[in-house]
Amino acid sequence: MSSDERLQNPLTDALFEAVLLLRSKEECYRFFEDIATVAEIKALAQRLEVAKMLQRNETYTSIGEVTGVSTATISRVKRCLNFGADGYQMILRRLQEQIK
């Protein structure tokens with residue numbers, strides 16, 4: 001599955017190319033702290049955790065309790081897991097491979 005063409009433009013390309021230049025977790029912290037608000041970064045982190053929990057078949061109730069996100073956010077992540085661009089699936093696979 002390919003990415004959404006509405007997202008693709010020179011500015012987004014430049015952002016993603018910049019992200020690909022980050023070499024460590026510390027560099028990620030420094031860059032993201034400058035480019036996004038704390039709330040935006042936390043929201044992205046919560047969505048990734050929601051995806052992990054959905055993959056483990058955890059309930060919406062437990063996901064909400066652990067992450068603090070709404071059921072609407074959980075539903076959106078679930079829809080992306082099932083019908084999205086496979087970005088979550090790709091990252092979840094790679095994270096699992098790192099553990100092995």
Side-chain angles (χ1 to χ4, degrees):
M1 178 144 317
S2 63
S3 61
D4 189 330
E5 290 179 8
R6 296 173 297 173
L7 185 62
Q8 296 175 8
N9 64 55
L11 294 176
T12 307
D13 287 349
L15 171 64
F16 293 159
E17 287 167 11
V19 169
L20 290 170
L21 295 174
L22 298 170
R23 296 184 180 149
S24 68
K25 190 185 305 184
E26 177 59 29
E27 287 186 1
C28 286
Y29 271 102
R30 291 170 54 196
F31 178 70
F32 279 90
E33 185 177 332
D34 285 349
I35 201 166
T37 66
V38 170
E40 290 167 335
I41 297 166
K42 286 185 174 186
L44 293 172
Q46 285 172 321
R47 290 177 184 178
L48 179 57
E49 185 60 25
V50 168
K52 291 175 185 178
M53 295 177 80
L54 285 168
Q55 189 178 50
R56 294 190 303 261
N57 295 314
E58 297 192 30
T59 66
Y60 276 40
T61 302
S62 66
I63 294 170
E65 288 172 356
V66 169
T67 64
V69 302
S70 67
T71 56
T73 297
I74 298 168
S75 293
R76 183 180 187 287
V77 172
K78 185 172 184 174
R79 188 170 49 255
C80 289
L81 272 171
N82 294 326
F83 307 109
D86 290 333
Y88 279 123
Q89 297 292 353
M90 174 186 61
I91 289 299
L92 293 174
R93 254 190 324 274
R94 289 181 186 173
L95 289 169
Q96 192 62 36
E97 289 169 4
Q98 269 189 334
I99 294 171
K100 294 177 181 178

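One is the number of the first residue; the rest follow in order along the sequence.
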Identify the heavy atoms of [X] and [Y] that sit nearest to each other, and give their distance.
X     : Y     : value
Cys28 : Leu22 : SG-CD1, 3.8 Å
Leu81 : Gln89 : O-NE2, 3.0 Å
Thr12 : Leu7  : OG1-O, 3.1 Å
Tyr88 : Val77 : OH-CG2, 3.7 Å

Any chain of hydrophobic side-chain contacts (each under 4.5 Å) joining [X] to [Y]?
X     : Y     : result
Phe31 : Leu44 : no
Ile63 : Leu95 : yes
Leu48 : Ile35 : no

Is the number of heavy atoms from other residues, nucleotides or ligands within 6.0 Å of [atom1] ([X]) greater than 12?
X     : atom1 : answer
Lys52 : NZ    : yes
Glu27 : CD    : yes
Tyr29 : OH    : no
Arg56 : CZ    : yes

Could you tell me the separation between the [atom1] atom of [X] and the [atom2] atom of [Y], rounded to the nearest 0.5 Å?
X     : Y     : atom1 : atom2 : answer
Ser24 : Arg30 : OG    : CZ    : 8.0 Å
Ile91 : Gln98 : CD1   : CD    : 9.0 Å
Leu54 : Glu49 : CG    : CD    : 10.0 Å

### Met90 side chain near Arg93 side chain, heavy-atom distance below 4.5 Å
yes

### Message
Would the distance check show the side chain of Gln8 and the main-chain N or O of Asp13 forming a donor-acceptor pair, the cut-off being under 3.5 Å?
### Response
no

### Task
Look only at the side chain of Thr67 and the backbone of Val50, and say whether a donor-acceptor pair between them is shorter than 3.5 Å.
no

